[in-house]
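Residue numbers begin at 1 in each chain, while the letters A, B, ... track the order of the sequences.
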2 protein chains.
Amino acid sequence: MSSDDAPLGLRERKKRATRDALADVALRFAAERGMEGVTVEAVTDEVGVSVRTFFNYFSCLEDAITRPDQGSAERMRQAVLNAPQELSALNALREAIGQELAHIDQDHERWELQTAALRKSPSLMNGFVTARCADERALVAVLAERLGKDPDSDLSPRLLAHVSNAAVRASVELWVASGRTRTFQSIYRQAFAMLAAGLSD
Amino acid sequence: MSSDDAPLGLRERKKRATRDALADVALRFAAERGMEGVTVEAVTDEVGVSVRTFFNYFSCLEDAITRPDQGSAERMRQAVLNAPQELSALNALREAIGQELAHIDQDHERWELQTAALRKSPSLMNGFVTARCADERALVAVLAERLGKDPDSDLSPRLLAHVSNAAVRASVELWVASGRTRTFQSIYRQAFAMLAAGLSD
DNA sequence: TCATGAAGATGCATACTATGCAATTTTGCG
DNA sequence: CGCAAAATTGCATAGTATGCATCTTCATGA
């Protein structure tokens, strides 16, 4: 499955550990205090590195909080391209994103921290959605590839990418707003069903 | 049409002039140099006020560049609520947003500056779309009102709001990416037609 | 094993955004 | 005019973000 597991030197392991620690602490603090209550200095103090080192790993605080799963973009790409041809692009997207969200959901603690952070700071929504399941630039390109259309002259790939993002956003928001009385998966699937049906209710 | 035109004291006129000047210069600079090339100080120097004054008017630089038309939110609200009942919510939205976009388009110079800024700094898209035609919070509320549904337990208002935003975004992006070979209105209407048809191509 | 070069971490300087507060200036009005 | 309210400003402060020089740590080969 993965490319290289064994040959990881101490250097690389330390780098990953530092990066993970910074992101974990940043997310935890954001979940506890909301974005306004988190500073880079507080995060680096907790981890035990300098502020400057933080910016060697992340270009801004939000990137650390919302950092994407490793390989997420590539998984999405493969899922969309390899989906059965009899599936519409919209349904291929639905399955691809569903897989990706399930993948994230496996790390339950992380998922909880993300939703807690989201509740306290809704502005994180963009970062989370983009980072985890639907980077729009990549999505437009891969949809254009599947559909065999030019993304700069044909509307459909772009519209599909943006609309699927919108569906995820709306689903997460409703899931949180409704106090999680329904499962997220059920809301999310309903959203795509409504899109497929034409939004005419 | 408007509420009060005559009784504007010198004080209020000066305030508006300052605000307009700051926003105009900020947008012009962003169009010329891109966001990274604009500083608050450069804007205030051009206008002839202090940096501190800028932050009395706007909470951040982006707000000055993407500031909403006065009354836009209320126009949207009325347009959605007063649209004929035989129109689906999606079509009511289409007309409301279309009106709003046409309203902006009348100020042709401003429109050009906005698209130029957008080309140089795509991150402005969120601010422009939100500010000009589809503030999502307000839109969810007004859609819930029209549909007679609870926005915290029913998916449709939220999904409609997010999806219409997505349609505007996709339309603007394609319009810019395609070198404006089609009119924006035609792209935008095609987007809503595809949404209504169910995105099944 | 250990010397050396590369990669990473750090401190420091700098630029910019953003906010609170106190002092000053401008405006509106009796 | 002269006062009170409102707007502008300067100053202090906190935080984000980047470049650069220096120092430390790791990896590699002789």
Enquirer: Between dA6(D) atom C1' and R13(B) atom CZ, what is the distance in whole Å?
Expert: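 In whole Å, dA6(D) C1' and R13(B) CZ are 16 Å from each other.
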
Enquirer: Between R28(B) and E32(B), is there a salt bridge with N-O shorter than 4.0 Å?
Expert: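 Salt bridge flag = yes for R28(B) with E32(B).
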
Enquirer: Using a 3.5 Å distance criterion without hydrogens, assess whether the side chain of W175(A) forms a donor-acceptor pair with backbone atoms of R182(A).
Expert: yes

Enquirer: Does the protein touch nucleotides 24-30 of chain C at the base, only the backbone, or not at all? Give it as B, S and - per nucleotide, heavy atoms under 4.0 Å.
Expert: --BBS--

Enquirer: Determine whether a donor-acceptor pair (N or O, by modelled atom type, separation under 3.5 Å) exists between the side chain of T115(A) and the backbone of E112(A).
Expert: yes

Enquirer: Whole Å only: how far is the CD1 atom of I65(A) from the P atom of dT16(D)?
Expert: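 Going from CD1 in I65(A) over to P in dT16(D) covers 10 Å.
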
Enquirer: Look only at the side chain of R132(A) and the backbone of R67(A), and say whether a donor-acceptor pair between them is shorter than 3.5 Å.
Expert: yes

Enquirer: Taking Y57(A)'s backbone N and O only, do any of them form a donor-acceptor pair with R19(A)'s side chain (distance below 3.5 Å, no angle check)?
Expert: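 At least one qualifying donor-acceptor pair exists.
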
Enquirer: Looking at R52(A) and dG19(D), is any side-chain donor or acceptor paired with a base atom of the opposite kind under 3.5 Å?
Expert: yes

Enquirer: In terms of ring plane angle, is the pair F58(B) and F54(B) parallel, tilted or perpendicular, where the classes change at 30° and 60°?
Expert: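 Tilted.
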
Enquirer: Heavy atom of residues 54-61 of chain A under 4.0 Å from DNA chain C: which residues?
Expert: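 N56(A), Y57(A) - these, ordered by number, are the residues of the stretch whose heavy atoms sit under 4.0 Å from the strand.
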
Enquirer: So, is S50(A) near the phosphate of dA9(C), with a side-chain N or O under 4.0 Å from OP1 or OP2?
Expert: no

Enquirer: Within the pair K15(A) and dA7(C), is there a side-chain N or O less than 4.0 Å away from OP1 or OP2?
Expert: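 Indeed not, no polar side-chain atom of K15(A) lies that close.
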
Enquirer: Identify whether any heavy atom of V51(B) sits under 4.0 Å from a base atom; if not, whether one sits that close to sugar-phosphate; answer base, sugar-phosphate or nothing.
Expert: nothing

Enquirer: Is a side-chain donor or acceptor of R146(B) paired with a backbone partner of V80(B) at a separation under 3.5 angstrom?
Expert: yes

Enquirer: One thing to verify: whether R189(A) and E95(A) come together as a salt bridge, which I'm taking to mean a side-chain N less than 4.0 angstrom from a carboxylate O.
Expert: yes

Enquirer: Please answer whether the main-chain N or O of A134(A) pairs with a side-chain N or O of N165(A) as donor and acceptor at a distance below 3.5 Å.
Expert: yes

Enquirer: Can you sort out which residues in residues 24-44 of chain A have a heavy atom within less than 4.0 Å of DNA chain D? Ascending by number, please.
Expert: V38(A), T39(A), V40(A)

Enquirer: Within 45° of the six-membered ring axis of F29(B) and under 6.0 Å from that ring's centre, is NZ or CZ of R33(B) located there?
Expert: yes

